[in-house]
Structures are given as structure tokens and as C-alpha cells.
Protein chains: 2
Amino acid sequence: MEYQEAKEKFISTWGSLGTLWGINKAMAQIQALLFISTKPLSMEEVMEELKISRGNTSMNLRQLMDWGIVTKEIVRGERKEFFTTEKDVQELARIVAKERSRREIKPVIKVLEEVSSIKDDGTEKTKELIKQTKALKDLTDDLDTLMNKLVNQKQNWLTKSVFKLMK
Amino acid sequence: MEYQEAKEKFISTWGSLGTLWGINKAMAQIQALLFISTKPLSMEEVMEELKISRGNTSMNLRQLMDWGIVTKEIVRGERKEFFTTEKDVQELARIVAKERSRREIKPVIKVLEEVSSIKDDGTEKTKELIKQTKALKDLTDDLDTLMNKLVNQKQNWLTKSVFKLMK
DNA sequence: ATAAACTTTCAATAATTATTGAAAGTTTAG
DNA sequence: CTAAACTTTCAATAATTATTGAAAGTTTAT
């Protein structure tokens, strides 16, 4: 496999995987492109490489910046803006985990708390609703805590954690 | 909040959360409905409760069965089929984690392996592609391993794991 | 201040994904 | 075997989500 083919394969795979880590295709592809680039890229270059419109590029770069995954670079002597992504995969994973916890998991925990604390009217169906949503809330809470714990240990947290759990 | 409102809130929240665990809205809603039901439900009942068509119900129940989350129940004296979902949240999480690993993570690892093992032609960009996809592959591998380890410990695995990592 | 270089916004449109419903298929009872 | 009861399939359609491109906005150089 040649460089160009490998590059395209990587970008498209990573793009379609976007859903797995909760972002859309274009966003994931832009991030992938920056991730294997040896230098910061301009909007023009991103558009060109991925064959997407200026508007799309602009919006998705903004979202990536909102997530904290991509940052603007100033290149001296250049008028236009350049972009880079976090290059350390561990740091990347840490950012993604934190953001997903904040954006998706925390709000769900809140709803589960509300639902599971309705008044027990003594009926079987109410008891079941309370019991099951409570269990789900506890599980979600635990998963969220675990994720945040994992992710807050700097340096090789994953490897360390895997090792710990193997014992 | 009354039972009916709480129920609807739970089903719709869980439905919109579907993406987080990788399934679609209707699938997630059906699962949610079964999850808080005190008895197996027929297709008719599911359609009725969620206001969705027969075809949609049939297809999504099938998918849930493919995932191993929902099972058919035979109720004596009844011609039609009834459905139940796994009621234990830990077991549920275990099934979901395993399926996502198999369906989504493993295939990505395979692509990352292919891409990261292209011939190093000595250019900077090829080196960068190899280095970064390799790092991503290792991370994904670690996450997958961790997830499977977590999930294969029966009984309170999550609580135990959280505890372990707190030390 | 003006104009060029560049970025953002957003209504229109395209692409994708989910849903319907009716026809075809299957199973069971008699 | 036949008919009723039930389920599945799938082409058509609806709903949702992503993308475009051009106008409006911003910044910088002179």
C-alpha cells in the first residue's frame, strides 16, 4: 500500500468511526487529516484535501476547537489562519472522554435521577420503574466515574489500568 | 412527577441516548419500554405504547434480538409472540460492550494495523502517518482490552474496578 | 478611509437514515 | 387442506442531518 492510499484509507475509516466517539464525519476527517499532517494546515488546504466546501470546513473546524481538539496557529508572515490538532493520543482520549461526560452522560444521569425519585404509589409498575431507572443511574454513574478516573491519570494511564485489572 | 410522565421521560431520554451506545432511537425506546415493563410485551403492545408501525417494531425487535438484548417469550395459550429484555444492568452493559467491540472496534483496529504497516519510504510524511496510526492503534487496542476485561468480570465488576483505580 | 484577504453565517439543497404500510410469507388450529 | 392469526419484507415516503455557496462580516495593510 502506498502513502496516498494509506492516508485516504485512514481518513475515511476514522471519519466513519466518528459516531463511536460522538462527532460527525467531516469533523472526524478533518481531525484525522491534521493528525497525520507534518505541519499546520490552512482552511484552503483542508478544503482541498478533503474536497469539502469552505462553509463546511469553517463550521467543523470551529466545532473541533470547541471540543478543544484543534487549535489555531499563527504563522508569521501569513495572513490566513492555520490549524493543528493535539498529537498525543492519550491527551486526545482524555479530552474526548471529558467532553462526552459533560455533554452527554451528566445530563442523562440527571434525568435518571429525576425519574427514579418519583413518589412510590405502591403499584408494581411504579416500583419497577423506580428500581430499574435507579439501577441504570447507578451504572451510568459508575461508568462515568471510572472513565473520569482513568482519564485523569496522566501518562500511560491506559496501560497502567489494563495492567491493574489483569491481576 | 406522575408515573406516566416519568415513564415517557425515561423512554424518550433513553431513546435519544441510543447513539451513545450505538443503536438507533426506536431500538433504544423499545428496549427502554421492555426494561421497565413488569411483564413480557407483544408486538401489538409495543406498537401501541410507542406509537410506531408494525414494520418498524418488527425490524427493531429483530435487531435487539441480534444484539442479544431482547428475547422471545412463549406465553402458554397465546398464539402471538412476547418479548422481554435483559433486566440486569450489569449483564446489559456486558452484552453491549462485547457487541460494540466486535462490530466496531475490532474492524477499526484491523484497518489501523494495515495502514500503520505500510513501507517506510523515508519521507517525513510517511513516517508521521506510520507513527500516528500506530499510536492510535495501540490506544484503541488498550481501550478494547480494558473494556473486555472490565466486562468479563462477573458481579459488581464496575464497582470493584472503580474502587481499584481509586487507590 | 478603502480595498484586499480572509472567515463566518445561514437559507437552500442534497444525502442519509428512519419509518410506514401493505403485500407476501409463515405458522397453527381445526 | 384452508383459513385465520400473526410476522416479515421492502419499496415508497418522511424526517433528520450534513453540505454547499454566496452574501455578510471581519481583519489587516496601505
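A note on names: the letters A, B, ... follow the listed sequences, proteins ahead of strands, and every chain is numbered from 1. A quick note: this is a predicted structure, and the numbers were derived from the prediction, not measured.
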*Asks:* For a quick test of reading the model: is some side-chain N or O of A/Ser53 closer than 4.0 Å to OP1 or OP2 of D/dG21?
*Replies:*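 For D/dG21, neither OP1 nor OP2 has a side-chain N or O of A/Ser53 closer than 4.0 Å.
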*Asks:* Is any side-chain N of the basic residue among A/Glu45 and A/Lys39 closer than 4.0 Å to the acidic one's carboxylate O?
*Replies:*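 Looking at A/Glu45 and A/Lys39, the cut-off is met.
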*Asks:* Could you state the atom-to-atom distance from CD of A/Glu44 to P of C/dA5 in whole Å?
*Replies:*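 For the pair A/Glu44 CD and C/dA5 P, the rounded distance is 12 Å.
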*Asks:* Salt bridge between B/Glu5 and B/Lys9, side-chain N to carboxylate O under 4.0 Å?
*Replies:*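 Not counted as a salt bridge, because no side-chain N and carboxylate O are separated by less than 4.0 Å.
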*Asks:* Roughly how many Å is it from CG in B/Asn24 to C1' in D/dA14, rounded to a whole number?
*Replies:*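 Checked: the CG to C1' distance equals 15 Å.
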*Asks:* Would A/Arg62 and A/Trp67 count as a cation-pi pair here, with the cationic atom under 6.0 angstrom from the ring centre and within 45° of the axis?
*Replies:*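 Geometry flag: not set, cation outside 6.0 Å or 45°.
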*Asks:* Check whether any side-chain heavy atom of A/Asp144 lies under 4.5 Å from a side-chain heavy atom of A/Thr140, and answer yes or no.
*Replies:*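 Answer no - side chains too far apart.
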*Asks:* Whole angstroms only, please: what is the CG-P distance between A/Leu50 and D/dA18?
*Replies:*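 From A/Leu50 CG to D/dA18 P: 16 Å.
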*Asks:* In whole Å, I'd like the distance from the CE atom of B/Met47 to the C1' atom of D/dA5.
*Replies:*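 Going from CE in B/Met47 over to C1' in D/dA5 covers 14 Å.
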*Asks:* Separation of A/Glu45 atom CD from C/dT7 atom P, in whole Å?
*Replies:*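 Distance check: A/Glu45 CD to C/dT7 P gives 11 Å.
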*Asks:* Kindly point out which of C/dT20, D/dT9, C/dC6 is positioned nearest to the side chain of B/Asn56?
*Replies:*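 The answer is C/dT20, which lies nearest to the side chain.
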*Asks:* Between C/dT19, C/dT8, C/dA29, spot the one nearest the side chain of B/Arg79, thanks.
*Replies:*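 Within the option list, the nearest is C/dA29.
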*Asks:* For the pair made of CE in B/Met43 and P in D/dT9, what is the distance, rounded to whole Å?
*Replies:*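 About 11 Å, once rounded to whole Å.
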*Asks:* Which comes earlier along DNA chain C counting from the 5' end, the contact point of A/Lys72 or that of B/Met59, where each point is its nearest nucleotide?
*Replies:*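 The residue mapped nearer the 5' terminus is A/Lys72.
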*Asks:* Tell me what B/Glu81 touches on the nucleic acid: a base, only sugar-phosphate, or nothing, going by heavy atoms under 4.0 Å.
*Replies:*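 Result for B/Glu81 = sugar-phosphate.
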*Asks:* Compare the minimum distances between each of C/dT19, D/dT19, C/dT7 and the side chain of B/Asn60, then state the nucleotide with the smallest one.
*Replies:*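 In terms of side-chain proximity for B/Asn60, the closest of C/dT19, D/dT19, C/dT7 is C/dT19.
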*Asks:* Do B/Glu113 and B/Lys110 meet the salt-bridge criterion of a basic N to acidic O distance under 4.0 Å?
*Replies:*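 Looking at B/Glu113 together with B/Lys110, the answer is no, because their closest N to O distance does not fall below 4.0 Å.
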*Asks:* From CD1 of B/Ile52 over to P of D/dT7, roughly how many Å is that when rounded to an integer?
*Replies:*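 So the CD1-P distance, B/Ile52 to D/dT7, works out to 14 Å.
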*Asks:* Among D/dT8, D/dC6, D/dT20, which nucleotide sits nearest the side chain of B/Lys80?
*Replies:*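 From the listed options, D/dC6 comes nearest.
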*Asks:* Reading DNA chain C 5' to 3', how would its secondary structure be written in dot-bracket notation, given Watson-Crick and G-U pairs with both distances under 3.5 Å, brackets [ ] for crossing pairs and | for partners on other strands?
*Replies:* ||||||||||||||||||||||||||||||
*Asks:* Are A/Lys87 and B/Glu128 close enough for a salt bridge, meaning some N to O gap below 4.0 Å?
*Replies:*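 Judged by the 4.0 Å cut-off on N to carboxylate O distance, A/Lys87 and B/Glu128 do form a salt bridge.
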*Asks:* Could you state the interatomic distance from OG1 (B/Thr85) to CG (B/Leu41), rounded to the nearest 0.5 Å?
*Replies:*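 Taking OG1 in B/Thr85 and CG in B/Leu41, the distance rounds to 11.0 Å.
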*Asks:* For B/Glu78 and D/dA4, give me the distance from atom CD to atom P, rounded to whole Å.
*Replies:*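 Those two atoms, CD and P, are 20 Å apart.
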